[in-house]
Amino acid sequence: MKCYVCGSRLGSEDYCTSCGTDVRTYRHIMCMSNMLYNDGLAKANVRDISGAILSLNESLKYNKRNIDARNLLGLCYYERGEIVKALSEWIISKNYESKKNIADEYIDYLQSNPSRLDTLNQTIKKYNQALNFCYQNSLDLAMVQLKKVLSINENLISGYQLLALLYIESGDLEKARRTLLRAIRIDRTDITTQRYLKDINDLIMQQADGKDQSAGAGNLAVQEIITYQNGNDTIIQPVGAKEKRGFSSVINIVIGLVIGIAISWYLILPGRISSATAETDEKFMAVSEELTSEKASHQEAVKKAETIETENQELTRQLDELRGTNGATGENDRLLRAALLYIEDPANASQSIGELESIGPDYLDDASDTFKALYSKVMESSEDSALADYIGTAKDALKTKDYKTAIEYYTKVCSIAPDNSDYLMELAYAYRESGDSEKADEIYRQVMRDFSETDNAIDAAGYISGGD
């Protein structure tokens, strides 16, 4: 331990032998920091990750330069799947101690493989997308997204917790319980996981109790009659007499049923049989007459069926022609592919827009309201996600002087965001640099006309007149 004033090594005295500074409080603070670090290390060794994080954060409150505590805190965050927090702690540790710091190895492990970093970045985006799906009440999509996240980052505690909540919402308590048990194996004492697991166990017990009560209501009633509590003693009431009375009642009921059946057999049944026979004969005659008339109408029905079959074959042929050439099936497939691309990964928004743009405007004008509504919804969602990609591609093209590509993508950007004069100015610049001054002047005049109160309108006037 070194003196915090002069940096000299301290001995067993309560003061610095070099500068005379009282170091009793300082020594106590350092000891508390080390003690909390040891406590965090012990908890981490038994997978009490949450408890270890609390102890290590307390240790750093006493001594923010406790390198061992900060590195271990980063490892705890990494074990919970929180990569960003882990990197933050290791970078801070490296800034405090740049030489012989094991944090260098941890950082190199993540940064030496760009694909690993990109994969971890994708998991964060997908987790955030799952949260957005939850806010939009699209729980099925959120489940699919979370399963993808957990297949990549198997230690993400928050992912397991959110997936368990979705299973609870869908009523699948057993899957929710298994999901939380996987989280428990990573961090045994996470308070949120423990609370969710307790609530699920309570719900499962309530369901089991409800089934037992409904299945054995009679047995419970008997138990309430037979036993009762008197203070700390359980009194069992004799039930032999009641069982005998119940048995004799059953015998009397059986005897009554036998007598009733005998009376029905010998007195009532013969008359019923005669009446039923007469009714059967009348029905047989009526059925015979109906069969005669039905036979005549059957031939007419056969002819109608043959006519309908011919018409069906003709309609089938027409439908096959529509499917094979310019029918609606191709346009529907394009719309479905566009929706599927965006649902599977919003990063495919540009491909989704490409599918939508291939749908002919003539077909869209005559399409059903449902088709138009889905087209508009997919186009709106895809445009928002694709805008950033288009802007990035256009800017990169300008840097490399690929004006043709810049014009193509800035045109797409302006079609999505027509109210932004900055994009129009970039598009005009691309046309001017490509040699198409006439098209550039046209766009500059548009900026002057539609955005007359902005600085871009003033700049556009200068560019038309030949200024830079």
Side-chain angles (χ1 to χ4, degrees), residues 326 328 330-343 345-468:
N326 57 352
E331 307 297 337
N332 290 338
D333 288 344
R334 293 187 181 96
L335 179 59
L336 291 175
R337 280 198 299 272
L340 181 62
L341 282 169
Y342 183 78
I343 289 172
D345 191 353
N348 294 328
S350 58
Q351 298 179 24
S352 178
I353 289 179
E355 290 290 342
L356 294 176
E357 290 176 347
S358 63
I359 297 175
D362 295 335
Y363 177 82
L364 188 61
D365 292 337
D366 299 331
S368 64
D369 293 339
T370 304
F371 186 96
K372 292 178 180 179
L374 180 57
Y375 178 93
S376 300
K377 184 64 177 179
V378 176
M379 178 63 80
E380 178 183 353
S381 301
S382 300
E383 284 179 345
D384 293 340
S385 300
L387 183 59
D389 291 339
Y390 289 160
I391 293 173
T393 303
K395 287 184 177 179
D396 291 341
L398 280 182
K399 290 178 182 179
T400 59
K401 298 184 179 181
D402 183 5
Y403 300 114
K404 182 179 179 181
T405 302
I407 290 171
E408 177 187 351
Y409 279 90
Y410 268 123
T411 301
K412 293 181 179 181
V413 170
C414 291
S415 66
I416 297 174
D419 296 329
N420 193 316
S421 61
D422 293 334
Y423 301 145
L424 287 172
M425 293 294 290
E426 295 289 345
L427 178 59
Y429 173 78
Y431 272 115
R432 189 180 69 174
E433 293 300 315
S434 67
D436 193 349
S437 300
E438 182 178 353
K439 184 64 177 178
D441 291 344
E442 179 183 341
I443 297 174
Y444 285 139
R445 292 190 184 95
Q446 180 184 350
V447 173
M448 294 170 61
R449 181 181 67 252
D450 297 337
F451 306 92
S452 57
E453 302 297 328
T454 65
D455 293 337
N456 284 334
I458 298 172
D459 295 337
Y463 292 139
I464 291 175
S465 62
D468 292 322

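Atom-to-atom distance recorded for I443:CD1 and D450:CG is 12.0 Å, nearest 0.5 angstrom. The CD atom of Q446 sits 10.5 Å away from the OG atom of S421 when rounded to the nearest 0.5 Å. Taken from OG1 in T411 to CG in L427, the straight-line distance is 4.5 Å, to the nearest 0.5 Å. Distance check, rounded to the nearest 0.5 Å: CD1 of I464 to CZ of R445 gives 5.0 Å. A distance of 12.0 Å separates CG in N456 from OH in Y423, rounded to the nearest 0.5 Å.
Residues that satisfy the side chain to side chain contact (heavy atoms under 4.5 Å, CB included) test with A440, not counting sequence neighbours, are Y431, R432, Y444.
What you find for F451 and D419 is that their closest heavy atoms are CE2-O, 3.4 Å. Taking every heavy atom of both residues into account, P418 and L424 meet most closely at O-CD1, 4.5 Å.
Residue pairs satisfying the salt bridge (Lys or Arg N to Asp or Glu O under 4.0 Å) criterion with at least one member in residues 434-444, sequence neighbours excluded, are listed as follows: K439-E442.
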Could you list the donor-acceptor pairs under 3.5 angstrom formed between side-chain atoms of residues 392-404 and any protein atom two or more places apart in sequence or on another chain?
{"unit_1": "T393", "atom_1": "OG1", "unit_2": "D389", "atom_2": "O", "d": "2.9"}
{"unit_1": "T400", "atom_1": "OG1", "unit_2": "D396", "atom_2": "O", "d": "3.2"}
{"unit_1": "T400", "atom_1": "OG1", "unit_2": "A397", "atom_2": "O", "d": "3.1"}
{"unit_1": "D402", "atom_1": "OD1", "unit_2": "T405", "atom_2": "OG1", "d": "3.3"}
{"unit_1": "D402", "atom_1": "OD2", "unit_2": "T405", "atom_2": "OG1", "d": "2.6"}

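Counting heavy atoms from C-beta on, the side chains of S434 and I407 come closer than 4.5 Å. No side-chain heavy atom of E426 sits less than 4.5 Å from a side-chain heavy atom of V413.
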